[in-house]
Amino acid sequence: MVKAILTGLSIAALILSNGCRRGNDDPPKRIMYTGSGGKVKTLDPALAADLASRNMTANVYDTLLQYSYSERPYKLEPSMLTALPESNHDMSSYTFKLRDDLYFRDDRCFKEQSKRERRITADDVRYSFLRIADARLHSPVFWIFRGRIKGIDEFHKATGGLKSDDNSIYDRPLAGFEIIDDLNFKIHLNQPDPRFLYNLAIPYASIVSRRAVEFYGESFAFNPVGSGPFKLKKWIRDYRIILERNPEYRQEFFTQAHNPHDRLKPLPLLDMIICNQIKQPFSSWLLFLQGKLDLSTIDKDNIDSVIGGGDLSPALKKRGIKLWQVPEFEVRYIGFNFTDPILSRNLHLRRAISLAHNLETRIKHFNGQIIPANGPIPPGADGFVPSFQNPWNQHNLDRAKKEMTLAGYPGGIDPDTGEPLVLTFDQPDSSSGNRQLGEMLTNELRQIGIVVRPELNSRPRFYQKLQQGQMQLFRLSWIGDYPDAENFLQLFYSKNAGGSNRVCYRDQVFDRMYEEISNMKDSPERSTKYREMARYLTDRCPWIFESHPISFQLTHQWLENFIPHDFAFSQWKYWNVDPGMRQKMQKSFKPISFEELFSAPPPID
């Protein structure tokens with residue numbers, strides 16, 4: 001074990017030492033060192049559906065809108081625009097005006113072109129949005145515009161029959177985009193949509209250069225040419241990404257910066273970011289303790305050494321390390337596949353399974369890094385009721401057995417076969433954690449007479465089976481794309497079945513409720529309806545509403561302006577480091593023993 005730890009640390013230290021070496025061409029002084037939150041697969045906004053790729057993409061591209069970094073509740077604000085878009089009376093049409101200081105970064109695709117040729121115009125916005133709808137690209141994020149913008153579904157259908165090099169369709173008029181001049185344009189929707197603007201703050205809707213896309217072709221995903229706060233300096237896949245400050249980034253300031261001097265500096269404040277992919281969480285943790293990483297996410301295996309007894313370890317406090325503990329805007333669930341006749345038609349069976357599911361064992365499994373989900377809406381969203389207790393989410397075997405009898409499976413026996421009911425439980429990888437979760441559910445449902453067959457799949461195979469309706473029970477999660485309960489309630493709308501509605505839930509009563517709120521503006525009436533919809537869903541049990549994860553993050557005191565935020569996709573532009581403090585603190589660091597890490601906080605007199 002010790003040998004394995006030392007080996008992991010040695011490899012990780014080698015990774016960072018290469019990035020930290022100084023020579024004649026010393027890197028800029030204000031450098032942040034971090035580990036990636038996962039494998040970055042692409043830097044093409046239209047393809048960056050996974051979390052790691054999406055967040056990295058947000059730092060090299062820009063969007064029309066963004067969320068205020070410091071204001072709560074979350075609030076949209078203009079980024080590439082001069083002001084928030086104006087809407088007509090029913091919010092079916094929006095008018096936009098671009099800033100006049102927006103430029104794609106200099107790149108060889110603009111060879112022998114003047115800076116003016118890199119200026120971002122309304123045509124670039126139109127192209128970027130239509131590209132997401134191009135069927136030949138197979139963009140997994142087309143859902144942000146599908147059915148919303150006039151003519152975009154027809155565009156999607158038309159591109160499906162074109163040759164790969166035929167882009168003339170982009171030059172044809174589209175009813176949903178009205179370009180007034182280089183800086184002014186309108187977007188017309190098929191119907192009123194008060195939440196449409198949220199989509200324009202997601203990194204998928206970043207503005208890309210048509211010249212760059214056509215110049216790089218299939219390698220565009222690895223050669224980002226954006227207008228974001230940083231630009232790509234080097235990318236060694238599965239190893240390291242280095243970003244450097246974009247000197248042509250639009251003028252923006254962070255007036256709440258920790259250092260008063262930084263409040264007068266244009267963003268981004270950092271000169272460079274070195275992001276290493278460190279595959280072993282323990283290696284990442286040890287590097288953070290040495291001050292080689294500026295922040296760290298705590299995984300469940302290390303949490304006891306950090307917050308044993310519910311408080312930050314005294315040894316870490318002594319180093320000036322700060323703990324940030326925040327519920328994430330995410331819901332984890334076990335879905336009942338409604339294309340399966342056994343589960344879809346039997347409410348009592350779904351209730352029985354929900355009652356047999358024991359959340360307390362999951363909380364222990366995740367070492368306290370989750371809280372119960374009593375419905376589809378996460379904390380922080382309008383419609384979330386902290387005091388509500390889902391009656392079908394409480395572990396109760398006696399009640400579960402009664403529901404099994406009402407379901408027609410007394411003692412778990414299938415009356416058609418005389419044998420125990422058998423259900424499959426699918427998960428999207430074969431990790432030891434998922435294996436343990438499969439064993440938990442198997443043991444729990446055995447107590448009400450159901451036989452569970454856990455199936456661990458590769459991710460491609462998992463989603464293929466899900467798409468083809470070859471599952472019964474499966475475990476997934478949904479991370480909110482924008483801070484509105486509608487983003488979670490749409491997971492049960494019948495027209496989204498096969499898409500975001502992974503369980504293919506169809507319910508006319510719920511559909512009517514959803515269609516009623518879909519065009520409502522923010523109001524107390526809408527909040528009331530959100531609560532009613534959440535209560536209705538918990539009673540119908542389309543999911544086992546499992547949990548909301550809690551984010552535990554640690555930062556060194558030399559990292560400035562860190563604020564937990566669910567939707568600040570390009571938050572690195574606000575951060576800064578104090579290199580002098582970092583160097584001084586690193587020199588003072590002494591190895592921390594396991595005894596120090598696990599020691600309890602001193603008693604309070």
Working to the nearest 0.5 Å, report the span between [atom1] of [X] and [atom2] of [Y].
{"X": "Leu51", "Y": "Glu330", "atom1": "CG", "atom2": "CD", "answer": "8.5 Å"}
{"X": "Leu47", "Y": "Arg54", "atom1": "CG", "atom2": "CZ", "answer": "15.0 Å"}
{"X": "Ser354", "Y": "Phe336", "atom1": "OG", "atom2": "CZ", "answer": "4.0 Å"}

With the threshold set at 4.0 Å, does a side-chain nitrogen-carboxylate oxygen contact exist between [X] and [Y]?
{"X": "Glu546", "Y": "Arg475", "result": "yes"}
{"X": "Asp44", "Y": "Arg131", "result": "yes"}
{"X": "Asp539", "Y": "Arg351", "result": "yes"}
{"X": "Glu244", "Y": "Lys234", "result": "no"}

Kindly indicate whether the side chain of [X], heavy atoms from C-beta on, has any atom under 4.5 Å from the side chain of [Y].
{"X": "Arg399", "Y": "Gln394", "result": "no"}
{"X": "Gln277", "Y": "Val40", "result": "no"}
{"X": "Met533", "Y": "Tyr514", "result": "yes"}

Under the side-chain hydrogen bond (donor to acceptor under 3.5 Å, both in side chains) test, which residues partner Asp484, sequence neighbours left out?
Arg526, Tyr530
If the condition is ring pair (Phe, Tyr, Trp, His ring centres under 6.0 Å), which residues does Phe230 pass it with, not counting sequence neighbours?
none
Go through the structure and list residues passing ring pair (Phe, Tyr, Trp, His ring centres under 6.0 Å) with Phe142, not counting sequence neighbours.
His156
Decide whether a cation-pi geometry holds between Arg502 and Trp543; the criteria are a distance under 6.0 Å from NZ or CZ to the six-membered ring centre and an angle within 45° of the ring axis.
no
Identify whether NZ of Lys or CZ of Arg in Lys573 sits under 6.0 Å from the centre of the six-membered ring of Trp575 and within 45° of that ring's axis.
no
Between His565 and Tyr74, how do the two ring planes meet: parallel, tilted or perpendicular, split at 30° and 60°?
tilted
Just jot down the side chain to side chain contact (heavy atoms under 4.5 Å, CB included) partners of His395, sequence neighbours excluded, or say none.
Asn358, Leu397
Go through the structure and list residues passing side chain to side chain contact (heavy atoms under 4.5 Å, CB included) with Phe222, not counting sequence neighbours.
Trp235, Arg237
Is it the case that more than 12 heavy atoms not belonging to Lys465 sit under 6.0 Å from its NZ atom?
yes
Applying salt bridge (charged side-chain N to carboxylate O under 4.0 Å, His left out) to Asp153 and not counting sequence neighbours gives none
